[in-house]
Number of protein chains: 2
Amino acid sequence: MKEFDPVLEYLSRYVNLSDDEKARFISFLKIKKVKKRQCIVQPGFVCIHKTYVVKGALRAYFVDQEDKEHTQAFAIEDWWISDYSSMIYQEPATLFVEALEDSILIQIAHTDMLRLLEEIPKLEKFERIITQRALAFQQKRLLSSFINTAEERYDDFMNKYGAIANRVPQYALASYLGFSTEYLSKIRNRKSSKS
Amino acid sequence: MKEFDPVLEYLSRYVNLSDDEKARFISFLKIKKVKKRQCIVQPGFVCIHKTYVVKGALRAYFVDQEDKEHTQAFAIEDWWISDYSSMIYQEPATLFVEALEDSILIQIAHTDMLRLLEEIPKLEKFERIITQRALAFQQKRLLSSFINTAEERYDDFMNKYGAIANRVPQYALASYLGFSTEYLSKIRNRKSSKS
DNA sequence: CTCCTTTCCTAAACCAGTTCATTTTTAGTT
DNA sequence: AACTAAAAATGAACTGGTTTAGGAAAGGAG
């Protein structure tokens with residue numbers, strides 16, 4: 001099952017599974033290939049899967065009443081993505097999760113994950129830790145949106161996630177950082193004229 | 001150990017513990033009483049405890065370079081609070097956690113909690129679930145800060161958490177919602193003149 | 001290669017929310 | 001009750017970021 005190795009490697013950073021447990025885990029995984037612009041989650045439908053990115057790039061975004069998009073998260077190789085709220089509460093999604101490039105994904109259904117958590121309690125630790133880290137990240141991001149100016153947030157993102165910034169469309173980046181594409185353009189212009 | 005009952009009741013919503021396990025859990029708990037304005041977490045010191053509020057009200061806030069405060073969370077009766085990031089990474093805190101009223105708290109050290117998680121794996125489920133919910137909440141809050149105007153965010157908060165809003169100082173509420181006290185004052189004025 | 005769509009850039013008018021400076025109200029303390 | 005300090009209100013001047021409307025560049029499909 002070589003195709004699932006990346007996920008097993010990811011798991012092994014947090015928890016040690018026996019070969020049997022690994023096999024059991026893998027039995028619930030599914031490979032999914034998607035083309036650019038294809039959505040794997042849409043508002044109105046419950047988000048069933050947790051999705052791991054083997055190859056490619058995706059984003060989760062919300063569309064508000066004025067049809068404006070707000071990017072909630074990006075995911076590239078070795079990241080997870082989903083409409084988290086929809087998945088854990090088994091409610092209709094509010095987000096789109098869309099491929100920004102042709103991508104190869106590995107998915108596990110939330111209900112299967114819950115079953116696995118019962119079977120292999122060690123996995124709970126994995127879930128807890130990655131969720132804790134996601135929470136800490138999200139808290140920092142919210143603070144930053146209040147504390148830093150648009151330009152500071154842009155700089156921070158370029159420093160930490162330049163690899164992502166250079167791969168995703170500009171409107172997606174601007175809507176992640178919480179300002180308009182026009183303003184992103186203005187920021188970049190300001191920078192290039194300075195140097 | 002009647003004094004710890006509120007925490008046990010909280011736990012029981014997520015996981016069933018035997019009497020032995022309950023006793024073991026309780027053995028790590030400590031009661032803490034604090035006066036208004038007293039801080040239980042400060043920048044520079046590692047946040048050791050997870051804190052449950054038996055009675056009273058607290059807030060966690062960040063102070064930026066311009067000495068402006070940004071409230072990250074409130075906690076009243078039956079809520080938990082801490083500098084989450086500092087606690088899980090065992091790094092110096094960046095937040096203050098301050099009592100807004102004289103309060104009675106129950107604390108558990110993070111290291112003790114980790115030990116308990118090893119001893120009583122059932123507890124992992126508890127940790128995972130409350131963290132997942134906190135994450136979903138945080139994600140909604142960030143989206144809302146991008147999508148909604150200051151006034152809409154104020155209205156939402158009043159609807160959902162009116163009980164908190166009426167208990168905390170106005171500057172704390174404004175800094176939670178992400179705008180200035182002056183503007184909050186303006187919003188309230190607008191409303192009272194309308195009705 | 002050409003057409004067409006999507007993405008990116010620019011600039012001026014505009015507005016939601018801030019800043020600053022001062023006053024009024026409230027709450028805590030002796 | 002009187003004093004003090006903290007919190008809330010007010011209003012005028014200002015600004016970071018949006019909006020609107022356009023044109024330029026880049027990528028994909030035939």
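Residue numbers start from 1 in every chain, and the chains themselves are labelled A, B, ... in the order their sequence lines are given, proteins ahead of strands. This one's a predicted model, so the numbers in the text were calculated from it and none came from an experiment.
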Reckon B:Tyr171 touches a base, only the sugar-phosphate, or nothing at all at heavy-atom distances under 4.0 Å?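 Sugar-phosphate contact only - B:Tyr171 comes under 4.0 Å of backbone atoms but never of a base.
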
Remember a base hit wins even if backbone is also touched, and classify B:Thr181 as base, sugar-phosphate or nothing at under 4.0 Å, heavy atoms.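 Nothing, no heavy atom under 4.0 Å.
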
In whole angstroms, how far is the [atom2] atom of [N] from the [atom1] atom of [X]?
X        : N      : atom1 : atom2 : result
A:Asp102 : D:dG27 : CG    : P     : 16 Å
A:Arg153 : D:dG17 : CZ    : C1'   : 10 Å
B:Arg190 : D:dT10 : CZ    : P     : 13 Å
B:Lys36  : D:dA7  : NZ    : C1'   : 10 Å
B:Glu182 : D:dT10 : CD    : C1'   : 10 Å
A:Glu66  : D:dT18 : CD    : C1'   : 12 Å
B:Glu101 : D:dA7  : CD    : P     : 14 Å
B:Phe179 : D:dG16 : CZ    : C1'   : 18 Å

For the CZ atom of A:Arg141 and the OG atom of B:Ser145, what is their distance to the nearest 0.5 Å?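 Those atoms lie 8.5 Å apart.
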
Kindly compute the distance separating NZ (A:Lys33) from CD1 (A:Ile104), expressed to the nearest 0.5 Å.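 Reported value, rounded in 0.5 Å steps: 5.0 Å.
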
For A:Phe25 and A:Phe4, I'd like to know if the aromatic rings sit close, meaning centre-to-centre distance below 6.0 Å.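 Ring centres of A:Phe4 and A:Phe25 not closer than 6.0 Å.
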
Aromatic rings B:Tyr10 and B:Tyr14: how do their planes relate, parallel, tilted or perpendicular, breaks at 30° and 60°?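 If you compare the ring of B:Tyr10 with that of B:Tyr14, the planes turn out tilted.
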
Of all residues at least two apart in sequence or in a different chain, which pass the side chain to side chain donor-acceptor pair (under 3.5 Å) check with B:Ser86?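 For B:Ser86 there are no side chain to side chain donor-acceptor pair (under 3.5 Å) partners, ignoring immediate neighbours.
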
Can you pull out how bent the helix from C:dC1-D:dG30 to C:dT30-D:dA1 is, comparing the axes over its first five and last five pairs, to 10°?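 Result, rounded to 10 degrees: 60°.
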
Using heavy atoms to find the nearest nucleotide of DNA chain C for A:Tyr183 and A:Arg37 separately, return the residue whose nucleotide is more 5′.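 Whichever sits nearer the 5' end wins; that is A:Arg37.
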
Applying side-chain contact (heavy atoms from CB on, under 4.5 Å) to B:Ile120 and B:Leu17, what does each step give before you reach the verdict? CA-CA 9 Å; B:Ile120 312 173; B:Leu17 296 186; 4.0 Å; yes

Hydrophobic clusters here meaning ILVMFWY residues chained together by side-chain heavy-atom distances under 4.5 Å, can you tell me if A:Phe28 and A:Ile48 are in one?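 Looking at the clustering, A:Ile48 is in a separate group from A:Phe28.
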
Ignoring backbone atoms, establish whether B:Lys186 has a side-chain N or O less than 4.0 Å from OP1 or OP2 of D:dG11.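 So the side-chain polar atoms of B:Lys186 never come under 4.0 Å of the phosphate oxygens OP1 or OP2 of D:dG11.
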
Provide the start and end nucleotides, 5' to 3', of the part of DNA chain C that has atoms under 4.0 Å from heavy atoms of chain B.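 Both ends considered, the range comes out as C:dA16 to C:dG28.
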
5' precedence on DNA chain D between B:Leu184 and A:Lys68 (nearest-nucleotide basis):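 With B:Leu184 and A:Lys68 compared, the 5'-side residue is B:Leu184.
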
Assess, by modelled atom type and distance only, whether the side chains of A:Ser144 and A:Arg153 contain a donor and an acceptor separated by less than 3.5 Å.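 The answer is no; no qualifying pair exists.
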
Looking at B:Tyr154, B:Tyr171, B:Phe157, B:Tyr161, which one forms a ring pair (Phe, Tyr, Trp, His ring centres under 6.0 Å) with B:Tyr176?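 Looking at B:Tyr154, B:Tyr171, B:Phe157, B:Tyr161, the match for B:Tyr176 under the ring pair (Phe, Tyr, Trp, His ring centres under 6.0 Å) is B:Phe157.
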
